[in-house]
Every structure is written in structure tokens, then in C-alpha cells.
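Single-structure report; data block below.
None of the values given here were measured: they were computed from a predicted structure.
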Amino acid sequence: MLRFILSPFAWVAGNVIQLSRSSFSGEYGGGGGKRFSHSLNQLDGPITAFRIRVNWLFIVGLQVRYGSKWSDYVGGSLGDLEEIVLHPGESIVQVSGKYKLYLRRLVFTTDKGRSFSFGKDTGTSFNAAPLHPRTVLRYLSGRAGGLVDALGFHWDTYP
């Protein structure tokens, strides 16, 4: 008789062992704000666009489009709103940035070599990337109030 010891990252589906490719990076930022998670939004499809609101010093707010549906906006209302749209099939494979009590800078890098930068280049640096090859940013979580306090990045295979 053949026996398998499965980790929390593996399960049996029929006669095939499936390995989980999910990972988490973060949470980066300060301790304030109200918790949010886009875990259910990922069911609407892959990340296809971002709206990021910035002022002279902070990442003020954000909204993410999953498939064709926008998540709820989190954060404050003061500052300039910028929008980036990913090309069809393009995914985020790295997020770097800076924080000091609040998020100050975000840089999104795609699997097509494009980078999008928002905010001020000051504070403690972070670099978030998936643990497993061929995985991409699937959704965000974090804390926000009048500003974006902190972000976490959830990685998995492309849907």
C-alpha cells in the first residue's frame, strides 16, 4: 500500500497530487487603518487595472479592477488619481515600494517588463515577489483609513 504525507500546500485530486502555488508577501506599512481584503474580488478574474491616489508624500487610496469589475475604493479622497491598465494577458510579478507609518511609494512590475511608479521615494524599502515560479499577483489586502496604511500581496497561478 502506498501512503502519502501531504503538507498544507498539497492535496489529492483524484489520483493526482496537486501542489499549491500560492504565497503571501507583507504586510508592509504602519499599524493603523481598517482592514480590507480583495480575496473575493479575485473570483471576478485577473488584475487588469489599478487606480492609485497620491499626494505630495503618501499613497492616499487605491482601487483594483479584477476582470471587468472594480473593487471597493480604500483610502482617502485628497490627491491626484492615476489609472494604469494592463495589456490583455499581462500580470504583475513584483511590487516594491517604501513606507513610514503609511505607504509612501509603490512600483508595480509586469511580466511584460513594464513598470508603474506612484508616490514619493522616501522611507523604509520593501520588495514583494512570489515564492513560486509562474505565479502572479492575484489580490491585495491591507489596512487603510484617510491614507493607505499598509498592503499585503497575494500570489498564485494566473486564473
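More than 12 heavy-atom neighbours from other residues, nucleotides or ligands sit within 6.0 angstrom of CZ on Phe58.
Not a single donor-acceptor pair under 3.5 Å links the side chain of Ser117 to the backbone N or O of Val107. The main-chain N or O of Ser71 is found under 3.5 Å from a side-chain atom of Gln63 such that the two form a donor-acceptor pair.
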Passes side-chain contact (heavy atoms from CB on, under 4.5 Å), Leu86 versus Thr110? Steps please. CA-CA 8 Å; Leu86 300 181; Thr110 77; 3.9 Å; yes
Taking it one step at a time, do Asp121 and Lys98 satisfy side-chain contact (heavy atoms from CB on, under 4.5 Å)? CA-CA 7 Å; Asp121 194 14; Lys98 298 204 174 187; 3.0 Å; yes
Let me see the working for Gln94 and Asn127 under side-chain contact (heavy atoms from CB on, under 4.5 Å), right down to the final yes or no. CA-CA 7 Å; Gln94 180 182 18; Asn127 186 47; 2.6 Å; yes
Which is it for Leu137 and Val93 under the side-chain contact (heavy atoms from CB on, under 4.5 Å) test, yes or no, and what are the steps along the way? CA-CA 6 Å; Leu137 183 62; Val93 295; over 6 Å; no
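Placement of Tyr28 and Leu147 in two distinct hydrophobic clusters is found when ILVMFWY residues are connected by side-chain heavy-atom separations under 4.5 Å, directly or transitively. The hydrophobic cluster containing Ile52 does not contain Trp56, counting ILVMFWY residues as joined when their side-chain heavy atoms lie under 4.5 angstrom apart, directly or transitively.
Side-chain contact between Val148 and Val60 is absent, with no heavy-atom pair separated by less than 4.5 Å. Taking the side chain as every heavy atom from C-beta outward, Trp70 and Asn41 never approach each other to under 4.5 Å. Side-chain contact between Asp156 and Val136: absent, with no pair of heavy atoms (C-beta onward) separated by less than 4.5 Å. Side-chain contact between Tyr102 and Ile59 is absent, with no heavy-atom pair separated by less than 4.5 Å. Contact of the Phe153 side chain with the Ser141 side chain is not registered, since no non-hydrogen atoms from C-beta on lie closer than 4.5 Å. You'll find the side chain of Leu151 reaches within 4.5 Å of the side chain of Phe36, heavy atoms only. Residues Phe50 and Phe116 form no side-chain contact, since every pair of their non-hydrogen atoms from C-beta on lies 4.5 Å or further apart. With a 4.5 Å cut-off on side-chain heavy atoms, Arg65 and Val85 count as touching.
In this structure, CZ on Arg134 lies 14.0 Å from OG on Ser91, to the nearest 0.5 angstrom. Atom CD1 of residue Ile92 and atom CG of residue Asp111 lie 8.0 Å apart, to the nearest 0.5 angstrom. Rounded to the nearest 0.5 Å, atoms CZ (Arg114) and OG1 (Thr109) are 11.0 Å apart. Taken to the nearest 0.5 Å, the NZ atom of Lys112 stands 7.0 Å off from the CD atom of Glu90. In this structure, the separation between NZ on Lys100 and CG on Leu57 is 9.5 Å, given to the nearest 0.5 Å. In this structure, Leu131 CG and Ser25 OG are separated by 6.5 Å, a value rounded to the nearest 0.5 Å.
Here the closest heavy-atom approach between residue Ser23 and residue Pro130 is recorded as OG-CA, 3.7 Å. Taking all atoms of both residues into account, the shortest heavy-atom contact from Tyr158 to Gly89 is OH-CA, 3.9 Å. When all heavy atoms are compared, the tightest approach of Gly30 to Ala150 is O-CB, 3.6 Å.
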Donor-acceptor contacts under 3.5 Å from residues 72-83 side chains, at least two apart:
| from | atom 1 | to | atom 2 | distance (Å) |
| --- | --- | --- | --- | --- |
| Tyr73 | OH | Arg53 | NE | 3.1 |
| Tyr73 | OH | Gly76 | O | 2.5 |
| Glu83 | OE1 | Arg51 | NE | 2.8 |

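Ring-plane geometry between His38 and Tyr66 is classed as perpendicular, the angle between the planes exceeding 60 degrees on a 0 to 90 degree scale with a lower cut at 30. Ring pair His154/Tyr139 is parallel by interplanar angle, where below 30° counts as parallel and above 60° as perpendicular.
For the residue pair Thr135/Arg21, the side-chain donor-acceptor check at 3.5 Å is not satisfied. Trp155 and Ser22 share no donor-acceptor pair across their side chains, judged by distance under 3.5 Å alone.
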